[in-house]
Structures are given as structure tokens and as C-alpha cells.
Enquirer: 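This is the structure I want to talk about, given as C-alpha cells.
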Amino acid sequence: MNNEELIIQTKNLQKKYITDTVETTALAGVELKIKKGEFVAIMGPSGCGKSTLLNILGMLDSPSSGSFLFLDQDISKATERQRAKLRKQNLGFVFQSFNLIDELTVEENIALPLAYLGVSKTETAQRTKEAMERMGIAHRRNHFPQQLSGGQQQRVAIARATVSNPSLILADEPTGNLDSVHGREVMSLLSELNEAGTTVVMVTHSPSDAEYAHRIVNLFDGQIVTENLNVKHHATELL
């Protein structure tokens, strides 16, 4: 695997949380490489370090030790301002709880990342329109989040995550609050985005959701215990 193909590389990544009386190790020497264009699912029992790892990969948290390279830049040595700039320019987040702003319409929620990037009003309107149409929610543009179903809210969240054309989408249990039908719709949307070239890293408890990934990484007690290629995707690539 050539380094120029990598979007993420961690070496001996460790994260410890220390209080007055207790030291908890959330990550214990994680070694992970993710290529550009991959779809990787991270699985494991509750408390194994999945969300901690995702927060570090999303530059929302810092490791206690070890290195984390994003596009060959050492994030463990970056300042908060540098991390914030990289987040805005390169990352899209999809959460289990949608994290939409209730006071904003669908269109306004989706446009928000472009406002942070200083994109012009004309371009923002165009890109927001395209994102809504891609997710099939253009007819809901003037609705507020509480007027939408869970599946529609997650479509808005994915549109918001992708409107800035990020190189990486981080998804934390993206179907956790959805029924099976809407869950499959959301996974299909993430899969389509990946096929169009976006790298996707997803934390999930769901084996059926993990089947959409190219590779499944299993965590236990803060360590990677197994990594498995999805035979279905691997076989397709070999054809």
C-alpha cells in the first residue's frame, strides 16, 4: 500500500482519560491505514473505543500519544486552529442523532458548512440545491427538522455532510435511530457517495450495515483484533 494512496494512517495511537482516582485506556496502540476511496466499517462491543477513535480521526479529539497522519499531515502535532481548518475543508460528519439545528430549515441546515467556508451566496444556493436533489429532499427545503421523518432527517444530515465535497465522511451509527427500511436507504446513499469517490469510515453495531463496507475493522479493549476484507466487494474488484 503506497503512502500516496493513504488518507489516514495511525501508528501506536493511544488515548487515556485520567480523573483524580481512575485512569481509563480508551485506545491502546491502534495501527490503522485507510486508502483514499475506501469504505471502512469499525465494529466492536460498547466501550471498546470505536467512538473515541472516530473522534480522533475527525479531529474532534487528540490522542494521548502516537501519531495520526491525515493526507500525510501529522495531526497529533497540529494546533486546534489547524485542525479546525482541516475539518472544515476535508471532513463531513453523519451522526446517529442527526444533529440538525431545529430553528433552521432543511435548506439552511444543509448550507451551513458552506457559510463556514466563506462560499458565495450564489454558489451556496447552487450547491445546496444539488445536494438536496441528490438526496431526494428538495421538496422539503422549507420544512424544519421536526416536520420530517427520521429517514428524511438523516438524508438532510448526509446532504449537509457532503455539500462541501469532503474527501472523507465519518459516520457514527448512521442508522441507529432508523427503522430497517430507512436504514437501508441511508446505507445505499453512503455507498453511492463512496462509489463516486468519497472515502467513508463508519462506526456501527450492525453486521448488515457493515456489509456495505470494503473492509471491516474489529476493535476490542481499545485495540484492533481483526481486519477482514468484505469478500463480496473484493470479488467484484477482481472481476
Side-chain angles (χ1 to χ4, degrees), residues 1-96 161 166-174 194 198-207 209-210 212-230 233-234:
M1 186 184 288
N2 296 325
N3 277 355
E4 62 265 19
E5 295 180 316
L6 297 177
I7 189 168
I8 284 170
Q9 182 175 11
T10 72
K11 292 182 180 178
N12 195 27
L13 201 67
Q14 308 217 20
K15 181 65 180 180
K16 295 182 179 181
Y17 295 101
I18 301 171
T19 66
D20 291 341
T21 55
V22 179
E23 179 179 294
T24 304
T25 299
L27 297 176
V30 170
E31 307 264 344
L32 180 65
K33 292 180 179 180
I34 297 174
K35 291 191 296 184
K36 292 178 183 178
E38 263 199 296
F39 190 152
V40 176
I42 300 172
M43 302 190 74
S46 296
C48 73
K50 300 188 302 295
S51 291
T52 299
L53 178 57
L54 202 71
N55 284 339
I56 290 174
L57 298 183
M59 305 176 214
L60 300 170
D61 200 357
S62 299
S64 302
S65 61
S67 69
F68 162 36
L69 301 182
F70 179 80
L71 295 173
D72 286 332
Q73 184 169 343
D74 191 348
I75 304 304
S76 53
K77 295 175 180 170
T79 65
E80 174 51 41
R81 178 172 289 188
Q82 289 170 328
R83 290 205 307 266
K85 185 177 180 181
L86 282 166
R87 271 199 308 272
K88 286 190 290 187
Q89 292 176 338
N90 296 283
L91 305 184
F93 295 89
V94 180
F95 301 96
Q96 176 177 345
S167 50
L168 173 64
I169 291 176
L170 297 169
D172 192 358
E173 300 283 1
N194 173 247
T198 306
T199 308
V200 179
V201 178
M202 172 182 69
V203 161
T204 183
H205 278 103
S206 166
D209 286 0
Y212 287 82
H214 303 151
R215 184 159 52 107
I216 300 170
V217 174
N218 286 285
L219 281 184
F220 188 76
D221 285 348
Q223 295 179 308
I224 293 175
V225 289
T226 60
E227 289 189 58
N228 303 308
L229 286 173
N230 186 330
H233 286 288
H234 195 54

Enquirer: Could you pull out the closest heavy-atom pair between D74 and L69, with the gap in Å?
Expert: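 That closest heavy-atom pairing would be CA-CD2, 3.5 Å.
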Enquirer: Would you call the rings of F70 and F68 parallel, tilted or perpendicular, where under 30° means parallel and over 60° means perpendicular?
Expert: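 Ring orientation of F70 relative to F68: perpendicular.
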Enquirer: Test of understanding: with side chain to side chain donor-acceptor pair (under 3.5 Å), list the residues that count as partners of N12, not counting sequence neighbours.
Expert: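 Result, side chain to side chain donor-acceptor pair (under 3.5 Å) vs N12: Q14.
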Enquirer: In a check of side-chain contact (heavy atoms from CB on, under 4.5 Å) between E5 and each of E38, K36, K35, K33, which one passes?
Expert: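 For E5, the side-chain contact (heavy atoms from CB on, under 4.5 Å) test succeeds with only one of E38, K36, K35, K33, which is K35.
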Enquirer: Test side-chain contact (heavy atoms from CB on, under 4.5 Å) on M43 and S206 and set out the steps.
Expert: CA-CA 8 Å; M43 302 190 74; S206 166; 5.9 Å; no
Enquirer: Just to verify, what does E31 make a salt bridge (Lys or Arg N to Asp or Glu O under 4.0 Å) with, not counting sequence neighbours?
Expert: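 Per chain and number, E31 pairs via salt bridge (Lys or Arg N to Asp or Glu O under 4.0 Å) with no residue.
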Enquirer: Could you tell me which residues satisfy side chain to side chain donor-acceptor pair (under 3.5 Å) with R87, sequence neighbours excluded, listed by chain and number?
Expert: E80
Enquirer: Return the set of residues passing side chain to side chain donor-acceptor pair (under 3.5 Å) with T24 (not counting sequence neighbours), or none when no residue passes.
Expert: none
Enquirer: Return the CG to CG distance between L32 and L53, rounded to the nearest 0.5 Å.
Expert: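 Interatomic distance, L32 CG to L53 CG, rounded to 0.5 Å: 6.5 Å.
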Enquirer: Under the rule for side chain to side chain donor-acceptor pair (under 3.5 Å), what residues qualify as partners of D61, not counting sequence neighbours?
Expert: K15, Y17
Enquirer: Which heavy atom in R83 sits nearest to a heavy atom in S62, and how many Å separate them?
Expert: NH1-OG, 3.1 Å
Enquirer: Of all residues at least two apart in sequence or in a different chain, which pass the side-chain contact (heavy atoms from CB on, under 4.5 Å) check with N194?
Expert: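 side-chain contact (heavy atoms from CB on, under 4.5 Å) list for N194, sorted by chain: F39, V200, H214.
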